[in-house]
Amino acid sequence: MKRLCDYITALCLMIVLGIPVVIIAALIKLTSKGPAFYWSERVGKNNTIFKMPKFRTMRIDTPAVATHLLSNPDQYLTPIGKFLRKSSLDELPQLFNVLLGDMNIVGPRPEQPRIFQQLRSEIAHYHHRQRVLPGITGWAQINYPYGASKTDAVRKLEYDLYYIKNFSLLREISILFQTLRVLIWPPRAD
């Protein structure tokens, strides 16, 4: 039932947001060199690897390292990249992954394979988050700010495992509404 609801939601959002997606892609192409989309490998349910698209927010000459490892990542943002990241509009292309069955609307955030393997080896029970499809939004994303440390990963894992253990349709709907709140007022780190 969840899968069917996510598929229908993603399809409706793709129809409604089709024109804005085309406009954003065109603006990226017009204001910077390179493709409009960035494709990244991610780890999904049962450790399957899939490709996840996002709108490209960084210049094509950005060093090939994780963004959080750059000394000043903002210097590599495209003219509209900062806005796309701040508004989370760079995540819209992931609706394609929902239609393909790689992701749900709500679930744990998918990690890059290298980061997943590192966290899996360092954090007990980290692999349990792979029991469900990852999501565009989730319990951890709305309750904890973006973080790049091991401590942040442990904290987000607690939220992910809570979500998996206590899944309900009501919580799913609540997460969707809270996602709108977080887009307007992002949570702050403790």
Side-chain angles (χ1 to χ4, degrees), residues 1-21 24 40 42-48 50 52-55 57 67-68 83-112 115-116 119-120 123-190:
M1 184 67 164
K2 173 179 169 43
R3 182 72 201 119
L4 179 62
C5 288
D6 280 357
Y7 183 86
I8 292 169
T9 301
L11 188 60
C12 291
L13 286 171
M14 289 298 295
I15 291 168
V16 170
L17 298 172
I19 292 175
V21 165
I24 292 169
S40 176
R42 299 298 167 124
V43 180
K45 183 178 179 181
N46 299 323
N47 301 327
T48 58
F50 67 95
M52 183 181 80
K54 293 177 98 172
F55 283 120
T57 59
T67 306
H68 68 276
F83 168 75
L84 291 174
R85 283 193 173 192
K86 189 170 186 165
S87 65
S88 295
L89 289 174
D90 62 323
E91 311 284 347
L92 284 179
Q94 294 170 39
L95 291 168
F96 287 114
N97 288 111
V98 177
L99 295 177
L100 293 173
D102 296 325
M103 294 176 71
N104 278 332
I105 301 290
V106 177
R109 190 82 186 120
E111 287 290 356
Q112 296 174 23
I115 294 171
F116 171 75
L119 293 174
R120 182 179 175 177
I123 302 172
H125 308 293
Y126 193 81
H127 63 283
H128 289 300
R129 63 194 300 279
Q130 304 315 120
R131 291 182 175 184
V132 298
L133 285 173
I136 297 173
T137 187
W139 190 240
Q141 291 94 303
I142 63 170
N143 286 294
Y144 197 81
Y146 176 81
S149 71
K150 182 179 171 184
T151 303
D152 292 330
V154 169
R155 191 77 176 111
K156 284 196 163 208
L157 175 63
E158 292 170 359
Y159 283 108
D160 288 336
L161 295 179
Y162 177 86
Y163 164 78
I164 293 167
K165 183 178 178 183
N166 298 289
F167 173 81
S168 73
L169 183 58
L170 189 57
R171 178 165 287 109
E172 199 88 347
I173 293 168
S174 171
I175 291 169
L176 291 174
F177 280 110
Q178 289 182 61
T179 297
L180 294 175
R181 174 189 52 84
V182 169
L183 289 174
I184 298 167
W185 298 289
R188 294 178 292 149
D190 294 336

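Keep in mind the model is a prediction, meaning the values are calculated, not measured.
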Problem set entry | Rounded distance (nearest 0.5 Å) linking atom OG1 of Thr57 with atom NZ of Lys86 | 14.5 Å

Exercise. Just wondering, do Glu172 and Tyr163 contact through their side chains at under 4.5 Å, heavy atoms?
Worked result: yes

Exercise. Does Asp102 have any side chain to side chain donor-acceptor pair (under 3.5 Å) partners at least two apart in sequence or in another chain, and if so, which?
Worked result: Asn97

For this session: Enter the distance from Ile175:CD1 to Phe167:CZ here, rounded to the nearest 0.5 Å.
Result: 8.5 Å

Exercise. Rounded to the nearest 0.5 Å, what separation is found between the CG atom of Leu133 and the CZ atom of Phe50?
Worked result: 8.5 Å

Seminar exercise, completed: Separation between CD1 (Ile136) and CE (Met52), nearest 0.5 Å, reads 9.0 Å

For this session: For the residue pair Tyr162 and Trp139, categorise the inter-ring angle as parallel (less than 30°), tilted (30 to 60°) or perpendicular (more than 60°).
Result: parallel

For this session: Examine distances only and state if a side-chain atom of Arg129 and a backbone atom of Arg109 form a donor-acceptor pair shorter than 3.5 Å.
Result: yes

For this session: Flag the pair Gln94 / Met103 as yes when at least one side-chain heavy-atom distance between them is below 4.5 Å, and no otherwise.
Result: yes

Problem set entry | Pairs satisfying salt bridge (Lys or Arg N to Asp or Glu O under 4.0 Å), at least one member in residues 4-14, at least two apart | Lys2-Asp6

For this session: Kindly check if the number of other-residue, nucleotide or ligand heavy atoms within 6.0 Å of CG (Leu180) is above 12?
Result: yes

Exercise. With Phe96, which residues qualify under ring-ring contact (aromatic ring centres under 6.0 Å, His included), at least two apart?
Worked result: none

Exercise. Does some side-chain heavy atom of Cys5 sit less than 4.5 Å from a side-chain heavy atom of Ile105?
Worked result: no

For this session: Any salt bridge (Lys or Arg N to Asp or Glu O under 4.0 Å) involving residues 131-143? Give me the pairs, sequence neighbours left out, ordered by first then second residue.
Result: none

Exercise. Is the shortest heavy-atom distance from the side chain of Pro108 to the side chain of Val132 under 4.5 Å?
Worked result: yes

Exercise. Quick one: CZ on Arg155 to OG on Ser149, what's the gap to the nearest 0.5 Å?
Worked result: 12.0 Å

Exercise. Quick check: are there more than 12 heavy atoms from other residues, nucleotides or ligands sitting under 6.0 Å from CG of Leu170?
Worked result: no

Problem set entry | Closest non-hydrogen atom pair between Pro53 and Pro93, with its separation | CG-O, 3.4 Å

Problem set entry | Aromatic plane relationship, His128 with His125 - under 30° parallel, 30 to 60° tilted, over 60° perpendicular | parallel

Exercise. Closest approach of Phe83 and Leu89, non-hydrogen atoms and distance?
Worked result: CE2-CD1, 3.7 Å

For this session: Please list, chain by chain and in numerical order, all residues satisfying side-chain contact (heavy atoms from CB on, under 4.5 Å) with Gln130, sequence neighbours excluded.
Result: Val43, Asn47, Phe116

Exercise. Stepwise, does the side-chain contact (heavy atoms from CB on, under 4.5 Å) test hold for Ser40 with Lys54?
Worked result: CA-CA 8 Å; Ser40 176; Lys54 293 177 98 172; 6.0 Å; no

Problem set entry | salt bridge (Lys or Arg N to Asp or Glu O under 4.0 Å) against Lys45, all qualifying residues, sequence neighbours excluded | none

Problem set entry | Between CG on residue Leu100 and CG on residue Leu95, distance to nearest 0.5 Å | 11.0 Å

Problem set entry | Verdict with supporting geometry, Arg3 and Val98, side-chain contact (heavy atoms from CB on, under 4.5 Å) | CA-CA 9 Å; Arg3 182 72 201 119; Val98 177; 3.8 Å; yes

Problem set entry | NZ/NE/NH1/NH2 to OD/OE distance under 4.0 Å, Glu111 and Arg42 | no

